[in-house]
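None of these values were measured; they are calculated from a predicted model. For the numbers below, each heavy atom of this structure counts, side chains included, while hydrogens, waters and symmetry mates do not.
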Amino acid sequence: MRFSPRVATLLAVAALPLALTACSSGSSVDGGSANAKPAKAKDLNAGLPTGTRLKKALAPASAFPAGLTIEADGSSDSGGEFLSPSARSTAKPDCTRLEGTSWIQVSGFKGGVSFAQNDYANHDKTQEVAQEIDAFQGATAATVMKELRTVAGECATFTDTDAHAKVKLTGKSTTGLGDEAYTMTLTSGAWENGTTLIAARSGGSVVTVLSTAGGDNGAAAAKKVTTTALAALK
């Protein structure tokens with residue numbers, strides 16, 4: 001299983017002074033126009049949680065199976081600033097992204113305007129559980145869920161990157177998790193255990209979890225972490 005934490009690059013925004021152009025002595029000034037205030041742009045991030053808030057909503061260590069500890073290099077978040085929204089890529093999905101962290105990117109979106117993630121693994125990395133929460137503007141979160149359902153069909157079979165073995169993917173809508181949820185199960189004859197992926201939307205945020213922990217293709221562990229994160233988002 002490949003694990004590559006999402007790296008957020010926060011662009012520093014420089015405040016540029018406004019250049020005031022003096023009117024020529026022969027020009028007239030329309031008092032009404034001069035006093036008119038420009039319409040304030042709508043804040044599309046209003047009400048959305050920052051990465052700092054999402055980090056607090058991530059499921060704690062107690063929600064993970066015994067024997068798994070947090071990976072020091074697997075934690076990342078967007079902090080207190082919002083990122084620029086990413087446009088959806090219309091290219092054919094890279095199904096191998098479903099093998100690692102930040103697998104939400106297989107939807108065509110790089111991620112939300114804010115995010116937080118971490119992952120846990122046992123000592124020999126044979127069992128892993130990763131979680132991520134992304135917040136999106138407007139109705140984008142619902143679009144992400146729609147695209148993930150489409151991906152499940154397009155990636156019904158693909159070749160994994162490690163064993164170069166055939167992987168089978170099955171997906172289904174899942175009730176009782178957030179506003180909507182979708183579960184994908186990846187299995188292969190070359191693997192000792194399968195992988196469960198759960199995406200669950202709560203308002204404008206999407207929780208995505210990957211699990212290989214447990215003899216049930218990671219299903220129970222994935223559901224517990226997802227449920228815990230969703231409860232913390234309320």
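- Note that OG of Ser188 is 12.0 Å distant from NE2 of His164, once rounded to the nearest 0.5 Å.
- Ion pairing of Glu154 with Lys92 is absent here, as no side-chain N (NZ or NE/NH1/NH2) approaches a carboxylate O to less than 4.0 Å.
- Here the shortest heavy-atom pairing between Ser107 and Leu148 reads CB-CD2, 3.8 Å.
- Looking at Asn118 and Leu58, their side chains come closer than 4.5 Å, going by heavy atoms from C-beta outward.
- Shortest non-hydrogen contact noted between Phe115 and Ser76 is CZ-OG, 3.6 Å.
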For Tyr182 and Thr174, what are the C-alpha separation, side-chain angles and deciding distance, and is it a side chain to side chain contact (heavy atoms under 4.5 Å, CB included)? CA-CA 5 Å; Tyr182 195 74; Thr174 307; 5.7 Å; no
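- The minimum heavy-atom distance between Pro49 and Arg53, with the atom names listed, is CB-CG, 3.5 Å.
- Neither side chain, Asp119 nor Gln131, offers a donor N or O lying under 3.5 Å from an acceptor on the other.
- Taking CG of Leu186 as the start and OG1 of Thr157 as the end, the distance is 11.0 Å to the nearest 0.5 Å.
- To the nearest 0.5 Å, atom NZ of residue Lys166 and atom OG1 of residue Thr187 are 10.5 Å apart.
- In this structure, the side chains of Leu44 and Phe82 stay at 4.5 Å or more apart for every pair of heavy atoms.
- Under 3.5 Å, the side chains of Gln117 and Asp77 contain no donor-acceptor pair of N or O atoms.
- Residue Ile133 comes nearest to Ala229 through the heavy atom pair CD1-CB, 4.3 Å, listed as atom of the first residue, atom of the second, then distance.
- Summarising the geometry, atom CG belonging to Leu230 is positioned 11.5 Å from atom NZ belonging to Lys223; distances are rounded to the nearest 0.5 Å.
- No side-chain heavy atom of Thr101 sits under 4.5 Å from any side-chain heavy atom of Leu210.
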Pair Glu71-Tyr120, side chain to side chain contact (heavy atoms under 4.5 Å, CB included): steps then yes or no: CA-CA 5 Å; Glu71 296 284 271; Tyr120 287 68; 6.0 Å; no
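- Atom SG of residue Cys155 and atom CZ of residue Arg97 lie 11.5 Å apart, to the nearest 0.5 angstrom.
- Using modelled atom types and a 3.5 Å distance limit, the side chains of Ser102 and Glu132 yield a donor-acceptor pair.
- Leu68 and Ala213 make their closest contact through CD2-CB, 4.3 Å (heavy atoms, listed as atom of the first residue, atom of the second, distance).
- With contacts defined as side-chain heavy-atom distances shorter than 4.5 Å, the pair Thr195/Asn217 does not qualify.
- Between Lys146 and Glu180, none of the side-chain N atoms (NZ, or NE/NH1/NH2) sits under 4.0 Å from a carboxylate O, so this pair counts as no salt bridge.
- Just one residue in the list Asp162, Asp160, Thr212 forms a side chain to side chain donor-acceptor pair (under 3.5 Å) with Trp191, and that residue is Asp160.
- Counting only N and O atoms by type, the side chains of Thr96 and Thr161 include no donor and acceptor under 3.5 Å apart.
- Ser211 places a side-chain N or O within 3.5 Å of a backbone atom of Gly218 that can act as its donor or acceptor partner.
- Within the 4.5 Å cutoff, the side chain of Arg149 has heavy atoms near those of the Ser173 side chain.
- Ala190 and Ala163 get closest at one heavy-atom pair: CB-CB, 4.3 Å.
- Between Val209 and Val129 there is a side-chain heavy-atom pair separated by less than 4.5 Å.
- Side-chain contact between Thr196 and Thr183 is present, with heavy atoms from C-beta onward closer than 4.5 Å.
- Contact check for Asp134 versus Ile104: side-chain heavy atoms found under the 4.5 Å cut-off.
- Atoms CG and OG, on Leu54 and Ser114 in that order, are 4.5 Å from each other to the nearest 0.5 Å.
- The aromatic rings of Phe109 and Phe136 stand perpendicular to each other, their planes meeting at an angle above 60°, with 30° marking the opposite boundary.
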